[in-house]
Asker: 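Next up is a structure, given as structure tokens.
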Amino acid sequence: MKNKLSGIIIAILILVIGYQSGILNNLFSKKTIDCNSKEAISLGTKIIESKLFPKILTNYNYTIDDISFNTIITKKINKDTGAQECQATVDIVGDFEINKTSLQEVFKFFNIIFGSNYVVHLDKNKYIISSSVWYTTELTSDAEQYLVNIKFDGDRAQGLYSNSFVKNIEKDFELMLPFAKKGHALIQNQIGVMYESGNGVNKNIQEALIWYEKAAKQKNPWALYNLGEIYYMGTHVGQNYTKAFEYYKESASLGNYKAQNVLANMYLDGKGTTPDLKQAIYWYEKSAEQNYHWGLTNLAHMYQQGQGVEKDLNKAISYYEKGSELNNNVAQFNLGKLYYEGKEVKQDYKKAFQYFEKSALQKNDKAQFYLGFMYLLGHGTEINIDKVKELFQLSAQQGNIDAKKGLEMMKEKGLY
């Protein structure tokens, strides 16, 4: 009897201690799910995608690629119901057509509606937005279903909204890397770019190659182009035109305008492949169709020279003009030279001066020399010896032999 009484007393003590510590709640009344449980995160993700975003972004086009819950904290547990109050950082990758003209405006937009504290611009309308969320988790009374209520930290007073955005490339890398590891090709390529340039992370060419190759396996055109560049330049690895050609060709076939232009160059020069003028023209045209300034300029040169196509000066000038409008300094110089020499078109010093000036402002050494020469002779402008010296010097500093000779001549004449 004494032992039985002792057992009852011990059992009562266990019940009291257990109730006070919350142990019994776990043993006999499991009415909650943890903040960082797979169930809570999965349902929270679905709520963000299917309920919160459609409600908040009613007037905008968007797609969500991925959502990641990070830095999950349990703030409070309701002793009566077992419900947990949670906070987390949510990083979201998606396309958002919000028509803002600057990253500052983009940041403010996401900051106001989602409480985002950081934004990474990936490409065109593609962003990573990092926001705080609050949510609660609990099981239904019959423990058959779990509930998650979630909201963005976007219900603050107006005065708390951030009006400034400080770019932090290290923070960009930190937010991008987990998504790259999850297999996002676009982000894998950008991680490769950061490793190659040492921007946001210590420079590491081997890491850059690893990430480029991961993205290239998923047919990311920019990763293929970047691999082509590495093997073409041979700066970081052994130069290999054959490998470069293969990467450029695959990238070009996927529509990369830069790869299309370089591939055309390789067909023209016979680097990594057999020279083929028809293929060169084909890929220059593909690049030009996308309004790439080098594709336009190189195609113009082919028409001017009659190389791989029938010579057509009107087409050449038309393509040069398009390239010039896109600030290609070679297109501008070539137009200036056409109008200055007047061999194939009617000579026009004023037009020549205008094109040379545009090109010279972009540090084209040939344009700097020609523009200086026009100031020397008063062609299309007034004679200005100070401008001649300035332009010849700028050109000579870039190794232009004609400009060096011009300076020597000016010294002989006592003009310099």
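Reckoned from all heavy atoms, side chains included, excluding hydrogens, waters and symmetry mates.
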Asker: Does a salt bridge link Glu390 with Lys387, judged by any charged N lying under 4.0 Å from a carboxylate O?
Answerer: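 Answer for the salt bridge query: yes.
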
Asker: Evaluate the ring planes of Tyr370 and Phe333, with Trp represented by its six-membered ring, and classify them as parallel (under 30°), tilted (30 to 60°) or perpendicular (over 60°).
Answerer: perpendicular

Asker: Please state whether the rings of His379 and Tyr340 are parallel, tilted or perpendicular, taking 30° and 60° as the class boundaries.
Answerer: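 Ring orientation, 0 to 90° scale: tilted.
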
Asker: Taking the side chain from Tyr375 and the backbone from Lys389, do they hold a donor-acceptor pair closer than 3.5 Å?
Answerer: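 Checked: no pair found.
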
Asker: Measure centre to centre between the rings of Phe96 and Phe110, then say whether the value is under 6.0 Å.
Answerer: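 They qualify: ring centres under 6.0 Å apart.
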
Asker: Looking at Thr274 and Gly270, would you say the former's side chain and the latter's main chain have a donor-acceptor pair under 3.5 Å?
Answerer: no

Asker: Report yes or no: does Gln188 contribute a side-chain atom to a donor-acceptor pair with the main-chain N or O of Ala180 at less than 3.5 Å?
Answerer: yes

Asker: Taking only Lys NZ, Arg NE, NH1 and NH2, and the carboxylate oxygens of Asp or Glu, determine whether Asp402 and Lys366 approach each other closer than 4.0 Å.
Answerer: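 Answer for the salt bridge query: no.
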
Asker: Can you tell me which residue among Leu43, Ile67, Ile64 is in a side chain to side chain contact (heavy atoms under 4.5 Å, CB included) with Ile48?
Answerer: Ile67

Asker: Less than 4.0 angstrom from a charged side-chain N to a carboxylate O is my criterion; do Asp65 and Lys126 meet it?
Answerer: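 Lys126 and Asp65: salt-bridged.
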
Asker: Is there a donor-acceptor contact under 3.5 Å from the side chain of Gln218 to the main chain of Gly183?
Answerer: yes

Asker: Counting neighbours of CZ on Phe373 that are heavy atoms of other residues, nucleotides or ligands and sit closer than 6.0 Å, is the number greater than 12?
Answerer: no

Asker: Side chains of Leu326 and Leu296, heavy atoms from C-beta outward: is any pair under 4.5 Å?
Answerer: yes

Asker: Using the side chain to side chain contact (heavy atoms under 4.5 Å, CB included) rule, pick out the option among Ile98, Ile129, Ile56 that qualifies with Ile113.
Answerer: Ile56

Asker: What is the ring orientation for Phe114 with Phe53, classed by angle as parallel under 30°, tilted 30 to 60°, or perpendicular over 60°?
Answerer: parallel

Asker: Going by side chain to side chain contact (heavy atoms under 4.5 Å, CB included), Gln260 matches just one of Glu289, Gln290, Lys249, Glu285. Which one?
Answerer: Gln290

Asker: Write out all pairs satisfying salt bridge (charged side-chain N to carboxylate O under 4.0 Å, His left out) with one or both partners inside residues 329-354, taking only residues at least two apart or from two chains.
Answerer: Lys311-Glu344

Asker: Give a yes-or-no answer on whether the side chains of Tyr118 and Asp172 include a donor-acceptor pair shorter than 3.5 Å.
Answerer: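 There is such a pair between these side chains.
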
Asker: Would you mind checking if Glu250 and Lys219 are paired as a salt bridge, meaning a charged N to carboxylate O distance below 4.0 Å?
Answerer: yes

